[in-house]
Amino acid sequence: MSDCIFCKIVAGQLPCGKVYEDEDVLAFHDIHPFARVHFLIIPKQHVATLGDCTPAHEKLLGKMLLLAPRLAKEQGLDAGFKTLINTGRGGGQEVFHIHVHVFGGGDPVSRS
Ligand code: 5GP
Ligand code: ZN
């Protein structure tokens with residue numbers, strides 16, 4: 001996926017503020033945060049949307065979700081956080097490489 005910005009971040013062709021990395025996933029700060037802490041958890045493998053996932057992605061999706069509370073706590077979100085997965089154009093998705101938004105801190109935040 002040569003035209004995918006998140007694949008370019010995974011490949012090291014674009015910089016990011018890395019929060020976490022292992023062999024399967026990468027987490028980095030959102031470039032336009034809408035809370036004091038706002039980072040994205042993405043798979044290294046290109047998958048466009050949650051709607052493109054199959055049972056083969058079950059373990060990967062579980063890993064991404066289980067990382068959210070761990071990384072949120074490491075980022076200082078002791079009181080809790082929000083998670084968001086926009087899916088498809090109708091779901092407000094702008095980058096078509098699946099990602100979990102994790103955000104919180106400061107005043108309570110919401111996004112519809
Ligand atoms: P979506 O609307 O697809 O769920 O969210 C995409 C998110 O990716 C947005 O919050 C946007 O700020 C973030 N984003 C887009 N391009 C970049 C980038 O090049 N670097 C980083 N760190 N975040 C990005
Ligand atoms: Zn990609």
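Whatever order the structure lists them in is the order used to number ligands and atoms, beginning at 1.
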Engineer: Angle between ring planes, Phe103 versus His101, binned at 30° and 60°: parallel, tilted or perpendicular?
Structural biologist: perpendicular

Engineer: Tell me which N, O or S atom from His97 is the closest to the Zn ion (ligand 2).
Structural biologist: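 Per the distance ranking, His97 contributes ND1 as its closest N/O/S atom to the Zn ion (ligand 2).
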
Engineer: Check whether any N or O atom of Ile31, backbone or side chain, sits under 3.5 Å from an N or O atom of ligand 1, and answer yes or no.
Structural biologist: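 Yes, there is a polar N/O contact under 3.5 Å.
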
Engineer: Compute the shortest N/O to N/O distance between Val95 and ligand 1 and return yes if it is under 3.5 Å, no if not.
Structural biologist: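 Between Val95 and ligand 1, an N or O pair is found under 3.5 Å apart.
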
Engineer: Atoms of ligand 1 less than 4.0 Å from Phe28 heavy atoms?
Structural biologist: 21 (C), 22 (N)

Engineer: Side chain, backbone, both or neither: which part of Phe103 has a heavy atom under 4.0 Å from ligand 1?
Structural biologist: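 None of Phe103 does.
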
Engineer: Compare Ile42, Asp30, Val100 and give the one whose heavy atom is closest to atom 10 (O) of ligand 1.
Structural biologist: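 Nearest option to atom 10 (O) of ligand 1, by heavy atoms: Asp30.
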
Engineer: Counting only nitrogen or oxygen atoms and a 3.5 angstrom limit, does Gln93 reach ligand 1?
Structural biologist: no

Engineer: Strictly below 4.0 Å, N to O, side chains only: are Asp24 and Lys63 in salt-bridge contact?
Structural biologist: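 Counted as a salt bridge, because a side-chain N and a carboxylate O are separated by less than 4.0 Å.
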
Engineer: Output yes when a side-chain donor or acceptor of His38 lies under 3.5 Å from a complementary backbone atom of Phe34, and no otherwise.
Structural biologist: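 At least one qualifying donor-acceptor pair exists.
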
Engineer: May I ask you to check if ligand 1 and His99 share an N or O to N or O distance below 3.5 Å?
Structural biologist: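 Among all N and O atoms of His99, at least one is under 3.5 Å from an N or O of ligand 1.
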
Engineer: Measure from the side-chain N and O atoms of Gln93 to the backbone N and O of Val95, and report whether any donor-acceptor pair falls under 3.5 Å.
Structural biologist: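 Present.
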
Engineer: For the ring pair Phe28 and Phe6, is the centre-to-centre distance below 6.0 Å?
Structural biologist: yes

Engineer: Calculate the angle formed at the Zn ion (ligand 2) by SG in Cys7 and SG in Cys4; 10° precision is enough.
Structural biologist: 120°

Engineer: Treating Lys44 as the side-chain partner and Asp22 as the backbone partner, does any N or O pair qualify as donor plus acceptor under 3.5 Å?
Structural biologist: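 Checking the backbone N and O of Asp22 against the side chain of Lys44, a donor-acceptor pair under 3.5 Å is found.
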
Engineer: Under 4.0 Å from a heavy atom of His101: give me the atoms of ligand 1 that qualify, with their elements.
Structural biologist: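 The atoms of ligand 1 under 4.0 Å from a heavy atom of His101 are 1 (P), 4 (O), 5 (O), 7 (C), 10 (O).
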
Engineer: Report yes or no: does a heavy atom of Leu14 sit under 4.0 Å from some atom of ligand 1?
Structural biologist: no

Engineer: Going by distance only, is there an N or O of Gly92 that falls short of 3.5 Å from an N or O of ligand 1?
Structural biologist: yes

Engineer: For the Zn ion (ligand 2), which N, O or S atom of His46 is at the shortest distance?
Structural biologist: ND1

